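First up is the structure itself, then whatever we jot down about it.
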There are 2 protein chains.
Amino acid sequence: MSKGLPNKKRGVHFDPDNVDIVAEQGDNLLQTAIAAGVHINASCGGDGVCGTCKVLIKKGGVDSSRTEKLSEEEYKQGLRQACQSSIITDLVVYIPVESRLETAILGRERKELAAGAEQVEALATGWRFTPPLSKLFIGLPPPTLNDNASDLSRLLRGLKQQYNLNTISVDFSVVKKLAKVLRDGHWKVTVTTLLNGSETRWDSKRRPTIINIEPGDTRGKHYSLIFDIGTTAVCGQLLDLNRGKVLAQSVEYNGQISYGEDIITRIAYCQKPGGLKKLQQVVIATINGIIKQLLAQAGVEVSHIGHIVATGNTTMLQLLLSLNPKYIRLAPYTPVANFIPQVRADSLGIEVGEHVYLHTLPSVSSYVGADIVSGILGAGVYQRKKLTLYIDIGTNGEIVIGNSDWMVTAACSAGPAFAGGGIKHGMIATDGAIGDFDINPTNFEPVVSTIGEVKPKGICGSGLISIAAGLFEAGVIGPNGKFNTAIRTERIRQGSDGYEYVLCWSSETQIGKDIVITEVDIDNLIRAKAAMYAGCQTLIRSVALTVYSLEQIIIAGAFGNNINISKAITIGLFPDLPLDRFIFIGNGSLLGARLTSFSTDMLNDEKKVARMMTNFELSEDATFMNNYIAALFLPHTNASEFPSVNKKLTNCHEVKLKSGVTT
Amino acid sequence: MSKGLPNKKRGVHFDPDNVDIVAEQGDNLLQTAIAAGVHINASCGGDGVCGTCKVLIKKGGVDSSRTEKLSEEEYKQGLRQACQSSIITDLVVYIPVESRLETAILGRERKELAAGAEQVEALATGWRFTPPLSKLFIGLPPPTLNDNASDLSRLLRGLKQQYNLNTISVDFSVVKKLAKVLRDGHWKVTVTTLLNGSETRWDSKRRPTIINIEPGDTRGKHYSLIFDIGTTAVCGQLLDLNRGKVLAQSVEYNGQISYGEDIITRIAYCQKPGGLKKLQQVVIATINGIIKQLLAQAGVEVSHIGHIVATGNTTMLQLLLSLNPKYIRLAPYTPVANFIPQVRADSLGIEVGEHVYLHTLPSVSSYVGADIVSGILGAGVYQRKKLTLYIDIGTNGEIVIGNSDWMVTAACSAGPAFAGGGIKHGMIATDGAIGDFDINPTNFEPVVSTIGEVKPKGICGSGLISIAAGLFEAGVIGPNGKFNTAIRTERIRQGSDGYEYVLCWSSETQIGKDIVITEVDIDNLIRAKAAMYAGCQTLIRSVALTVYSLEQIIIAGAFGNNINISKAITIGLFPDLPLDRFIFIGNGSLLGARLTSFSTDMLNDEKKVARMMTNFELSEDATFMNNYIAALFLPHTNASEFPSVNKKLTNCHEVKLKSGVTT
């Protein structure tokens with residue numbers, strides 16, 4: 001085939017996205033798709049070895065080699081690996097479902113999934129990389145006596161001519177600096193537009209607003225921030241909106257913790273004089289601290305931050321915005337608003353430029369917040385027919401069951417154990433937290449691993465699950481969570497809170513004292529996991545299904561990098577289902593916030609997702625308490641619900657018998 | 001006819017407005033039309049004596065007496081006086097052109113016109129009384145466990161159900177107080193909506209925003225403010241948005257006068273450190289003072305003010321908003337923006353509730369401002385085929401020529417004489433200003449009348465015109481503006497600035513000294529009127545027309561109640577045309593601001609009006625200076641341009657000869 005005209009333009013049409021782009025003859029088809037904002041799976045990064053980027057060439061010709069990933073039959077059908085194809089003629093390309101849906105990812109190992117943001121972001125499909133925050137560079141003709149239109153008219157005329165922007169709003173703050181910036185930049189300026197007005201929250205048609213103008217070409221500096229405001233921890237990420245990448249992330253305790261560990265005590269504190277203002281100030285201080293860390297990590301200047309997206313539970317968002325959460329606590333439990341208009345971030349005290357708006361994702365009810373909406377959005381649960389259980393494990397556990405047709409949701413009141421609360425050495429998932437644990441069943445010596453691979457400081461949620469599972473499997477604790485004091489090891493001892501197990505000796509730690517797990521800790525964990533599991537059971541039964549109907553279980557939570565699903569099943573936190581049905585997405589709340597920052601398509605779906613979800617009050621269901629009490633054992637009172645755990649325990653027992661360990 | 005069913009509902013349809021309303025049998029037809037927002041001329045206020053409210057009953061029956069204002073033939077055709085008719089059956093009513101257009105008014109005397117705001121407001125046609133600021137009372141079902149939607153969702157659902165409001169925005173400040181107000185009002189609240197977002201200034205489709213919410217039913221307290229920010233004076237009015245009435249008005253010197261009398265010196269002051277901020281602060285202080293006066297006059301509480309509309313010249317509006325006017329003074333004379341997004345009034349320091357937005361009317365260029373756009377809008381010049389000259393006399397004179405097809409406009413640099421600037425005892429048109437003047441041609445004794453009928457303090461623009469005309473007709477001053485020192489009267493004397501005429505002796509004044517008009521004053525006036533007249537001549541000739549083509553001359557200016565057109569022609573300020581072509585509308589800038597406050601129809605036209613106007617730079621026209629020099633006489637160097645003045649002067653001369661006066 002002829003490749004002699006490298007500079008000739010070629011039109012490429014992608015279906016079913018219905019996107020057109022002009023490329024050059026010889027261009028790589030996968031790169032062209034990326035440039036067009038069309039998503040094609042390519043988990044190997046374009047090396048031709050994963051075979052996930054197969055596309056169907058419906059019209060036109062490509063120059064493509066056939067690797068072993070493509071069968072002869074597929075090749076005959078017109079399928080090609082996009083990464084191995086270069087464009088020859090105008091093309092019509094069809095991206096088959098398996099190359100654009102999540103199947104390629106869902107079929108893989110959970111561990112692999114958690115490895116990269118790109119893969120988690122591929123759970124939601126059909127979105128293009130079109131951030132609602134844009135930077136447009138524009139050169140304008142300087143005014144003359146024959147053309148002395150106002151500065152603003154000149155700018156708008158230029159945007160219309162060069163970017164086809166016809167209906168656009170302008171913030172007054174932009175008008176204020178317009179004359180100076182236009183002249184400082186010698187009529188070459190960069191305009192920041194935002195597709196996200198409070199005025200359009202109840203309408204499908206969004207119109208861009210000019211929120212900033214800078215002299216010269218600043219398109220290279222195009223960043224935003226996202227925050228998940230948790231009751232215990234605040235997680236932040238700094239995003240590069242040119243490359244669609246997370247540049248930095250950080251997590252800190254929510255400063256409000258000093259005013260109460262849970263939502264109810266915080267709401268009570270707000271009713272004191274000055275209480276609401278105080279709680280707002282301290283969470284803003286936490287956010288400002290995280291912003292400083294993120295900027296320092298990535299070497300980004302604060303003036304180049306253009307937007308903030310925040311999610312979190314309903315109470316946390318109301319406190320962030322100084323909206324009194326009084327009626328969240330009182331029957332019939334009404335939040336002020338599920339859809340909150342955007343506000344200027346600096347008006348809240350957030351230390352960013354005055355042009356920066358804070359957008360909050362919508363919530364469903366007082367106890368099913370924007371963090372859940374964000375997770376369901378980010379994980380694409382609302383896009384698929386597959387019956388999904390979505391579990392978010394934070395200070396309060398929330399669960400969602402459903403698919404693209406319907407969704408029910410409930411809050412579990414799990415308590416703060418998974419966020420490190422109520423645990424003697426509990427902490428949030430940050431550097432120094434024990435995130436995983438194993439135990440030698442013969443000598444009961446532990447193997448701990450920490451986040452950041454530094455000396456341990458404490459235990460985060462994923463560590464707590466691993467520890468409880470390990471101790472249980474090794475017989476150190478029984479199904480009731482009590483220590484087997486017959487075991488002879490100096491690690492099991494009587495402490496100030498009753499029996500405890502020493503995870504690390506003081507010399508091995510950052511804190512200069514032994515890190516232990518106590519019987520009280522394990523009891524708190526059991527109550528937390530029982531609430532989660534009973535919540536799942538109750539919600540599933542409320543829609544006349546069983547756990548076995550679930551085709552996919554998505555686990556979200558700010559556990560740092562990882563959670564060991566198998567161990568979580570061992571303690572009875574998750575239903576005993578095949579591991580390949582589980583997907584761990586990390587902080588789902590941040591995932592959704594990130595996707596709404598990367599894609600206007602996703603932003604446009606947020607409202608729909610919130611409206612699809614029907615709230616279910618567990619406290620009003622008579623069976624919930626029974627389910628809860630039955631779940632107050634490891635893994636469960638009804639052992640038959642956890643067959644794989646029983647089998648594993650039997651194996652452990654056999655190993656111990658063989659190795660002669662006596663307990 | 002039967003009148004036996006007083007409580008029966010009757011449907012009334014008005015054409016060509018195409019408006020329906022339900023009335024009760026027996027209701028007065030004129031009042032019903034007013035209630036429906038349908039304009040019918042009724043200059044006698046419904047007494048049946050003016051005959052301007054004739055309507056055609058196309059279907060149905062009314063009970064109506066025939067007065068002498070209705071001919072027998074008209075009565076047979078079905079015409080009735082709306083004010084004399086009560087509704088019997090369902091009706092279709094057609095309002096003939098003469099009852100809704102301005103003709104009824106334009107044919108009458110100028111003096112009569114100036115009498116009432118209602119009549120000036122009838123110059124612009126086709127608008128309904130539909131203020132962009134609305135108050136909606138709504139009762140909501142309290143939340144229950146079965147219906148615990150968020151407070152905001154509940155409110156929006158209610159507005160959708162009860163008012164069919166589907167797409168509506170909500171200010172964050174409303175969200176902040178929502179929970180408390182809903183409960184304080186026991187779920188009965190009044191919502192204030194505004195049809196006017198910055199986001200929609202460049203779009204024809206406006207969407208309401210909820211800007212305020214109050215407990216209970218506050219619809220009865222529904223007010224707004226309008227301001228004309230002039231270089232010399234700031235005029236304000238307090239409007240009742242339920243009744244479409246001006247409740248109070250006030251005028252004060254613009255506090256910026258201490259920093260320079262004209263625009264150029266103010267712009268220069270802005271370039272000093274802190275200068276821009278200072279000038280903004282002092283005009284805001286002036287506005288706050290006027291607001292206090294208006295509220296006190298009308299007995300209205302500041303919390304019930306819901307909106308502010310401001311107009312003024314381009315520089316004044318930029319100073320109001322702290323937009324540096326630097327480039328207005330430098331070629332090529334560019335303003336920052338002709339269409340300025342709305343801002344929160346309190347963010348500028350204006351002392352009103354935080355929910356109040358300030359809307360500024362659009363401007364055309366650096367020297368043709370929002371005040372002119374407002375006047376053209378308010379006087380309906382853009383709606384008629386009639387060739388109109390619009391003259392706004394303020395610190396700078398601006399003129400517009402055109403009709404519904406085209407408009408050209410120019411600024412005349414008349415100087416501040418008409419606003420009292422550069423005049424020894426000059427003052428703005430407020431209480432104590434000499435507003436009219438006559439002179440006894442035999443003994444040269446004056447008759448002065450003041451605004452407010454109090455002792456005189458000084459001379460305003462209309463007084464100045466009357467004084468110059470009177471002195472000129474009486475031969476006290478000559479065509480060159482110099483005093484005839486041969487006249488024997490103690491009122492003509494040598495003062496500190498040369499010759500002067502004593503208008504009031506010190507004992508007759510509020511200021512305790514003689515109020516005089518000097519030769520320097522008259523010279524300033526002549527230069528001001530020459531600039532205006534030359535501007536008109538140049539602009540008319542630029543579109544290849546003559547003054548005789550003008551079918552209508554609309555005079556605007558903050559002269560207090562009145563200006564004597566005949567005397568203005570005598571001094572050569574206005575072209576010598578039949579008096580019935582002149583209409584004096586008072587402060588045209590406030591008129592337009594009022595109509596945009598009363599009618600969304602008018603608000604929707606503001607942008608169109610600004611865009612219709614083509615700016616003409618007089619300074620670039622070679623003939624302007626010649627025209628100006630020729631106009632530096634009373635009435636003009638070319639006497640044949642003022643035949644009626646010549647005739648009048650001849651008459652005066654004859655009177656004097658007969659009475660034996662020698663000069």
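Just so you know, these numbers use all the heavy atoms, side chains as well, and skip hydrogens, waters and symmetry mates. To find a chain, count down the sequence lines: A is the first, B the second, and so on, and within it residues start at 1. Everything quoted here is computed from the prediction, not taken from an experiment.
Counting heavy-atom pairs closer than 4.5 Å to chain A, the top-ranked of the candidates Ser322(B), Ser347(B), Ser153(B) is Ser322(B). Ranked by non-hydrogen atom pairs under 4.5 Å with chain A, the options Ser363(B), Ala179(B), Pro142(B), Pro143(B) are led by Pro143(B). Chain B forms the most heavy-atom pairs under 4.5 Å with one residue out of Glu620(A), Gln318(A), Lys177(A), Arg183(A), and that residue is Arg183(A).
Between Glu617(A) and Leu145(B), the closest side-chain pair of non-hydrogen atoms is not below 4.5 Å.
Heavy atoms closer than 4.5 Å to chain A are found in both the backbone and the side chain of Phe172(B). Contact annotation for Val343(A): only side-chain heavy atoms (C-beta onward) come within less than 4.5 Å of a heavy atom of chain B. Heavy-atom distances place both the backbone and the side chain of Val175(B) under 4.5 Å from chain A. In this structure, chain B has no heavy atom under 4.5 Å from any part of Ser366(A). Using a 4.5 Å cut-off between heavy atoms, Leu321(A) touches chain B through backbone and side chain atoms alike. When heavy atoms are compared at a cutoff of 4.5 Å, Thr144(B) approaches chain A solely by way of its backbone atoms N, CA, C and O.
Considering CG of Leu178(B) and CG of Asn324(A), their distance stands at 12.0 Å, rounded to 0.5 Å. Taking CG of Asp147(B) as the reference point, atom OG1 of Thr334(A) lies at 10.0 Å (rounded to 0.5 Å). With values rounded to the nearest 0.5 angstrom, Asn148(A) atom CG is found 15.0 Å from Tyr327(B) atom OH.
With Ser150(B) as the fixed residue, the side-chain contact (heavy atoms from CB on, under 4.5 Å) test singles out one of Ile340(A), Asn338(A), Val364(A): Asn338(A).
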